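Just follow the structure's listing: the first ligand is 1, and inside any ligand the first atom is 1. Owing to the predicted nature of the structure, the values given are computational and were not obtained by experimental measurement.
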Amino acid sequence: MRAVAAAPSNIAFVKYWGNLDPALRLPYNASLSMTLSAATTRTEVVFDPALDADEIVIDGRPAAPEAAARASAHLDLIRARAGHGHRARVASANSFPMGTGIASSASAFAALTVAACAATGLALDERSLSALARRGSGSAARSIPDGFVLWHSGADDESSYAESIAPPEHWDLCDVVAIVSREHKAVGSGGGHGAAPSSPFFAARQHRLPERLEAIREALLAKDFERFGAAVEAESYELHAIAMTSRPPLLYWTPATVALLHLVARWRAEGLSAFATLDAGPNVHVLCEARRAQDVVAALESLDSVESVLVNRAAPGARVVEAQS
Ligand code: PMV
């Protein structure tokens with residue numbers, strides 16, 4: 001009853017922000033993303049009949065109570081499907097800092113779902129794994145499939161899942177993440193999803209999103225970087241406008257974030273084609289085509305405010321690495 005899984009994080013091009021059904025994590029809108037090659041979580045799950053409680057270790061330390069409770073609640077869903085009540089020993093390691101806008105909950109819950117299902121011998125197809133991962137963290141649904149991924153918002157538990165719309169090799173798009181802070185954010189995405197509908201602009205964003213998603217999907221499939229990047233950057237600003245104008249207001253940006261946003265716009269004016277997008281955190285994801293990645297990395301690494309840089313390509317989704325059921 002042991003398995004190890006690895007799962008990538010993902011960057012959303014059309015973002016998920018707000019739950020129609022918070023208990024099931026059914027989102028208000030469909031979203032679109034790319035799995036990330038350099039931001040992964042590796043998780044080992046061992047179900048052990050001798051344990052009285054789950055033991056959850058993240059990056060070598062016992063998980064904080066809230067994170068441990070969330071992981072246990074997710075394991076409960078898997079135990080219920082598998083029809084046993086064994087507690088588990090879970091050890092999870094991230095290749096990148098958690099809680100800083102690189103969607104660590106996406107890779108974490110995708111890896112936990114795949115490892116726990118494999119450890120109990122539950123053979124679920126990709127769609128069911130994606131829907132199940134969603135229950136742990138919405139964006140985790142998009143870390144199950146490969147490459148470029150669409151999460152159908154759906155109307156119920158089964159119909160809200162993600163699937164690949166293009167394999168990783170479809171496009172040599174790069175997401176160069178500029179890490180400006182390793183501090184864990186004060187308000188996680190859970191608070192943001194809850195507050196989102198209180199923004200006076202929430203309904204306007206929702207109204208625009210189907211057309212926006214279609215435009216981004218078409219540009220992605222056509223590999224039209226200029227059209228794609230401009231629409232993705234605009235969508236990111238709209239999400240942050242909702243966050244900033246919700247009650248309570250959420251401002252994820254730091255001065256270093258703002259400086260980078262200005263810089264990316266200046267690069268464009270100077271002929272370096274790159275666009276910025278941000279999740280619920282201060283780190284800036286700079287999107288560019290692979291042929292410009294070295295220029296972007298060099299420019300970011302020359303800045304004092306940038307602690308480190310992660311270069312991501314599209315990657316395969318979550319995978320079982322080892323299993324003994
Ligand atoms: O899956 P969550 O609850 O961590 O929410 C993710 C929210 C954003 O990263 C801001 C957007 C997205 O779609 O990934």
Side-chain angles (χ1 to χ4, degrees), residues 7-36 39 41 66-67 70-71 73-74 94 96-113 130-145 148-154 160-162 175 177 184-197 199 202 205-206 209 212-213 216-217 232-233 235-244 246 250-253 257 276-285 287 312 317-318:
S9 182
N10 66 76
I11 179 67
F13 302 139
V14 173
K15 315 234 184 228
Y16 148 56
W17 202 238
N19 284 315
L20 207 46
D21 181 332
L24 285 178
R25 291 186 208 277
L26 297 180
Y28 272 95
N29 59 273
S31 55
L32 191 62
S33 62
M34 176 177 105
T35 49
L36 299 179
T41 301
E66 204 182 311
R70 194 166 159 191
H74 196 60
N94 292 306
F96 57 97
M98 272 170 70
T100 54
I102 319 179
S104 54
S105 65
S107 53
F109 280 98
L112 181 64
T113 303
S130 172
L132 185 54
R134 188 200 79 240
R135 301 284 299 273
S137 173
S139 55
R142 298 190 312 244
S143 281
I144 299 287
F148 299 90
V149 173
L150 173 66
W151 173 10
H152 303 279
S153 46
S160 186
Y161 69 98
D175 173 15
V177 189
H184 208 285
K185 63 197 173 206
V187 180
S189 47
H193 293 301
S199 163
F202 184 73
R205 176 166 186 269
Q206 289 302 314
L209 270 178
R212 169 84 82 201
L213 188 140
I216 291 177
R217 188 226 291 254
V232 169
E233 192 174 279
E235 151 59 9
S236 172
Y237 279 118
E238 283 182 19
L239 175 132
H240 283 270
I242 301 298
M244 286 178 208
S246 60
L250 296 170
L251 178 57
Y252 289 105
W253 305 351
T257 311
T277 182
L278 289 105
D279 278 348
N283 296 321
V284 181
H285 294 247
L287 303 172
N312 293 281

Quiz item: Between Trp151 and Tyr161, is the ring centre distance below 6.0 Å?
Solution: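 Trp151 vs Tyr161: aromatic centres not under 6.0 Å.
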Quiz item: Would a line drawn from the ring center of Tyr28 to the ring center of Tyr16 be shorter than 6.0 Å?
Solution: no
Quiz item: In chain order, what residues pass the side-chain hydrogen bond (donor to acceptor under 3.5 Å, both in side chains) check against Ser137, with sequence neighbours excluded?
Solution: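 Counting only residues at least two positions away or on another chain, Ser137 forms a side-chain hydrogen bond (donor to acceptor under 3.5 Å, both in side chains) with Ser105.
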[X]: numbered ligand 1 atoms lying under 4.0 Å from its heavy atoms:
X	result
Ser189	2 (P), 3 (O), 4 (O), 5 (O)
Ala12	12 (C), 13 (O), 14 (O)
Ser105	4 (O)

Quiz item: Among the heavy atoms of Ser137, does any lie under 4.0 Å from an atom of ligand 1?
Solution: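 The answer is yes, since Ser137 has a heavy atom less than 4.0 Å from ligand 1.
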Exercise. Determine, using heavy atoms of Arg142 and all atoms of ligand 1, whether some pair is separated by less than 4.0 Å.
Key: yes
Quiz item: Between His193 and ligand 1, which residue portion shows a heavy-atom distance shorter than 4.0 Å: side chain, backbone, both, or neither?
Solution: side chain
Is [X] close to ligand 1, meaning an N/O of one under 3.5 Å from an N/O of the other?
X	answer
Ser31	no
Tyr16	yes
Trp17	no

Self-check item: Donor-acceptor pair between Ser143 and Asn10 side chains, under 3.5 angstrom
Solution: yes
Quiz item: Between the side chains of His193 and Asn19, does any donor sit under 3.5 Å from an acceptor?
Solution: no
Practice problem: Enumerate the residue pairs fulfilling salt bridge (Lys or Arg N to Asp or Glu O under 4.0 Å) with a member in residues 10-22, sequence neighbours excluded, ordered by first and then second residue. | Solution: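 Listed by first then second residue: Lys15-Asp279.
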Quiz item: Nearest 0.5 Å, what's the CZ-CZ distance between Arg142 and Arg134?
Solution: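 That separation rounds to 13.0 Å.
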